[in-house]
Amino acid sequence: MSEQVFPVPDHWAETAKITEAEYHERYARSLADPEGFWSAESQRIDWIEPYETVKDVSYHEADFRIGWFLGGKLNICANALDRHLETLGDTPAIIWEPDDPDTPGRTLTYRELHEQVCTFANVLKANGVEKGDRVTIYLPMIPEAAIAMLACARIGAVHSVVFAGFSPEALAGRIEDCQSNIVITADEGLRGGKTVPLKANVDAALEKVEVGRVIVYRHTGSDVDFHAVRDVWWHDAMEVAAPLCDPVTMDAEDPLFILYTSGSTGKPKGVLHTTGGYAVWTSMTHEYVFDYRPGQVYWCAADVGWVTGHSYVVYGPLINGATQVMFEGVPNYPDHSRFWQVVDKHKVEIFYAAPTALRALMREGDDWVTRTDRSSLRLLGSVGEPINPEAWDWYHRVVGERRCPIVDTWWQTETGAAMITPMPGATALKPGSASRPMFGVQPALVDPEKGTLLDGATSGALVITDSWPGQMRTVYGDHDRFFQTYFSQYPGYYFTGDGARRDEDGYYWITGRIDDVINVSGHRMGTAEVESALVEHPLVSEAAVVGMPHEVKGQGIYAYVTTNAGTEDSEDLRKELVQWVRKEIGPIATPDILQFAPGLPKTRSGKIMRRILRKIAENDMSNLGDTSTLADPAVVDDLVANRPQ
Ligand code: WTA
């Protein structure tokens, strides 16, 4: 199936903004004349003052720097809202679809969204937030999440959105790392008919780290504890705030947001994005990848807690004046038709989701899909993990009725927006391939061991040889870690952490992470994070975590745990440890298999041989490799014999 090629449908070739010929022409120009190319693309943004230099970048340690549109001044919130008021003021910006289809939704026009954002910006100011301050946002998928983010951007505060599925511990760590003094949350979230105790989680987090203010949006209306001095109701504060607030003039390189993401080592990193380059990059990619024109109904099903929600729910679409659906719920509630019911209800034309959701729905049978109309759909997108050809075929054939191209967009929290992706009018599709680079992006493959550049059709470690406007600028508070993580392994290149294959047509096929990061349901998880959560349990002496293939999640979490001497490795303890990880990090980190390991396979110098643990997790015992160099080869036999099935 992966050999199949789907040519660009005729009507797309005729009407799309970017045709095949245009793709090649613009791509070549973006590399040959970056100044000219980016100066034209930067016009999509309203600048308060024009920039002086398009780009100032070096990936080398001695003079390491990344800067775009230097000297330019802008406000990204004004670009997302104010400038649309005249032409799109009464056009819906956000059509909010609640978790429960029987409760009323909400639609905010650009004018209404603007007013809410200005008012909330004044609330932030009244609560002491100033330019440069970090604001932690822990909200469910409700319009207030976008309102809070845009209000920060309006006054120059740096938002740090924490996914509302993270635990109090994870939240506390993120508040502490960026030293934010304010948290914005809701009483409760609602997902699939179940409540999520957001305010209670914030209260628990704030037992570990202190902040001056918590602003609480009343969403479900349940009773929550209220801290008289510290906590403020969103609606009370809004009532007394003025609805006008001038956007602050920001430098192109002023920080816009921090978003924590998992790496192969240590605690999650605060990925920092700045203003000007990110604005141009998210807007440009949103327009070309989705062939977006104002008036079309667009729906990105990602949560604002992840980068996809930042770039393709909040900034990209709103800068482009889009009308979009924002969905609070989950694909299988109240039943497995929900996505497609929402598509029909709001006549969605462009739909963008993660493969894990598609695989979960695919298992339930076609009938849930085919009983809905979906005739409004014109374009489908995929993001967050490799889409296997079976899921691609189902998405294409059943959901899109062979009518809708699929844009399989490869990118990362670090890259800000889509890097390798089809464009519907320009790219013949190969199921499972993210295809060709976005304008200005220069991917390359290097030999993972030697770091040498590889030519032609081959496989290797995926690097990017030069900067693009939406590249992350630093790890918050640890610039050295930024350099070490991404630029030290293959000097002169940005290393993505992914492996890839390039075929004879120059198409890229992302094969997945080649570092110690696993991708669970499209969510990045550092194996080291899960390990450190496990060893914090008083009965655990050592833990090793690897990924394992999982039919729906893409990858599952396989944990090997060595308990303290004298501990009984009981079924109860196994359950307790699984719960422990959920509590420490959040439900997305729940180990799928937890195996007690009396010993872990280690080299004589004490290094854990993860290669062997991965093979056992994959249930591929034929291929364990040479175990004779291990300090104690017998531990492998024990792990194999006792692998839970
Ligand atoms: C993986 C999500 C294959 C990849 C936007 C990357 C993908 C990591 C794709 C980043 C894709 C994302 N095909 N793999 N289309 N999109 N990935 O930071 O391993 O949450 O490095 O950003 O997801 O995950 P992140």
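Keep in mind that what you see is a predicted model, and the values were worked out from it rather than measured. In listed order, ligands and their atoms are each counted from 1.
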Starting from [atom], find the nearest protein heavy-atom neighbour and note its residue, name and distance.
{"atom": "atom 18 (O) of ligand 1", "value": "Thr413 OG1, 2.6 Å"}
{"atom": "atom 11 (C) of ligand 1", "value": "Glu385 O, 3.4 Å"}
{"atom": "atom 4 (C) of ligand 1", "value": "Asp498 OD2, 3.1 Å"}
{"atom": "atom 3 (C) of ligand 1", "value": "Pro386 N, 3.1 Å"}
{"atom": "atom 10 (C) of ligand 1", "value": "Trp411 O, 3.5 Å"}
{"atom": "atom 24 (O) of ligand 1", "value": "Arg524 CD, 3.1 Å"}

Considering only NZ, NE, NH1 and NH2 on the basic side and carboxylate oxygens on the acidic side, decide whether [X] and [Y] come within less than 4.0 Å.
{"X": "Glu253", "Y": "Arg473", "answer": "yes"}
{"X": "Arg524", "Y": "Glu529", "answer": "no"}
{"X": "Asp505", "Y": "Lys430", "answer": "yes"}

* **Donor-acceptor contact below 3.5 Å, side chain Glu531 vs main chain Val545** => yes
* Within the distance-only criterion (no hydrogens, no angle test), does the side chain of Asp99 pair as donor or acceptor with the backbone N or O of Gly192 below 3.5 angstrom? -> yes
* Taking only heavy atoms of Thr308 into account, list the atoms of ligand 1 that are under 4.0 Å away from them. => 5 (C)
* Asn519 heavy atoms, cut-off 4.0 Å: which ligand 1 atoms fall inside? ->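 Near Asn519, the atoms of ligand 1 are 1 (C), 23 (O).
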* Asked: Which one of Tyr494, Phe487, Tyr476 satisfies the ring-ring contact (aromatic ring centres under 6.0 Å, His included) criterion with Phe482?
  -> Phe487
* Would you indicate whether the side-chain heavy atoms of Val313 and Thr308 approach each other to under 4.5 Å? =>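 No, too far: nothing below the 4.5 Å cut-off.
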Check: [X] N/O within less than 3.5 Å of ligand 1 N/O:
{"X": "Thr409", "result": "yes"}
{"X": "Arg513", "result": "yes"}
{"X": "Asp408", "result": "yes"}
{"X": "Gly384", "result": "yes"}

* Any side-chain donor near an acceptor of the partner, Asn79 and Arg44, under 3.5 Å ->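 The answer is no; no qualifying pair exists.
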* Aromatic contact, His310 with His159 (centres under 6.0 Å) ->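 Ring centroids of His310 and His159 are less than 6.0 Å from each other.
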* Asked: Looking at ligand 1, does Trp306 have a heavy atom less than 4.0 Å from it?
  -> no
